Participant: 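Once you've had a glance at the structure underneath, I'll fire off some questions.
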Amino acid sequence: MKKTLISLLFALGLPLVAVAGGMGGPGGPEGDQNFKQHHAEKIAAMAKELGLTTEQQSKVDAIFEQQHTKFQAIHEETKTRLQAVLTPEQLKKFDNMHPPRHMMPPPPKPE
């Protein structure tokens, strides 16, 4: 159970790290749709694995929504700060190093 829970939490947290780290960002409707789909799957998996009540699901949902908003703000701030430091050529290379999340393969599913 402990191993499954750790695997589940890792799988759920990894995409958030990708959003924060990828300077291409999820941007646009496709990235937003991917987040919403992943978010719904994440809540459903947690509800099943942890036996969450409807009230708990609602609270967990709100927590993840807030976390997503914070990551978006961090992403935008980082992008702005990098634009002030890097040349346009360096920014282009940097963006190529960090593809948008919707172009990244999904994380492995927990076993």
Side-chain angles (χ1 to χ4, degrees):
M1 173 69 182
K2 192 174 187 179
K3 185 177 180 181
T4 302
L5 181 58
I6 291 170
S7 296
L8 179 64
L9 292 174
F10 177 78
L12 297 175
L14 189 60
L16 297 173
V17 172
V19 169
M23 293 318 301
E30 184 179 330
D32 192 44
Q33 181 61 34
N34 284 344
F35 167 76
K36 288 178 182 176
Q37 180 181 353
H38 173 75
H39 182 78
E41 291 171 359
K42 178 171 40 176
I43 299 298
M46 287 183 70
K48 180 180 177 184
E49 186 71 28
L50 303 176
L52 301 179
T53 65
T54 304
E55 182 180 351
Q56 287 175 313
Q57 288 179 48
S58 178
K59 289 178 180 181
V60 168
D61 182 57
I63 290 168
F64 283 126
E65 284 287 341
Q66 290 170 349
Q67 184 179 31
H68 177 68
T69 301
K70 288 178 182 179
F71 275 123
Q72 284 180 316
I74 291 169
H75 169 79
E76 289 303 316
E77 178 188 351
T78 302
K79 186 173 182 178
T80 300
R81 291 176 67 192
L82 285 173
Q83 288 172 338
V85 174
L86 301 178
T87 67
E89 183 178 291
Q90 289 170 326
L91 276 170
K92 186 175 180 178
K93 287 180 182 180
F94 184 81
D95 286 341
N96 289 334
M97 291 170 50
H98 299 87
R101 181 172 173 253
H102 66 269
M103 294 176 61
M104 297 174 70
K109 300 233 184 236
E111 294 180 25

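Just so it is clear, the model here is predicted, and its values are computed rather than measured.
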Participant: Hey, could you give me the CG/CG distance between Asp95 and Leu86, rounded to the nearest 0.5 Å?
Facilitator: 9.5 Å
Participant: Heavy-atom distance under 4.5 Å between the side chains of Gln56 and Met46, does that happen here?
Facilitator: no
Participant: Assess the residue pair Phe64 and Gln67 against the criterion (side chain to side chain contact (heavy atoms under 4.5 Å, CB included)); give the C-alpha distance rounded to whole Å, side-chain angles, the decisive distance to 0.1 Å, and a yes or no.
Facilitator: CA-CA 5 Å; Phe64 283 126; Gln67 184 179 31; 3.2 Å; yes
Participant: Nearest 0.5 angstrom please: Lys59 NZ to Asp61 CG, how far?
Facilitator: 13.0 Å
Participant: Once side chain to side chain contact (heavy atoms under 4.5 Å, CB included) is applied, do any residues pair with Ala44, and if so which ones, sequence neighbours excluded?
Facilitator: none
Participant: Kindly indicate, with the supporting measurements, whether the criterion side chain to side chain contact (heavy atoms under 4.5 Å, CB included) is fulfilled by Glu76 and Gln72.
Facilitator: CA-CA 6 Å; Glu76 289 303 316; Gln72 284 180 316; 5.6 Å; no
Participant: Restricting to side chain to side chain contact (heavy atoms under 4.5 Å, CB included), what partner residues turn up for Glu77, sequence neighbours left out?
Facilitator: Arg81
Participant: Can you list everything that forms a side-chain hydrogen bond (donor to acceptor under 3.5 Å, both in side chains) with Gln57? Sequence neighbours excluded, please.
Facilitator: none
Participant: How far does CG of Asn96 sit from CG of Leu91, to the nearest 0.5 angstrom?
Facilitator: 11.0 Å
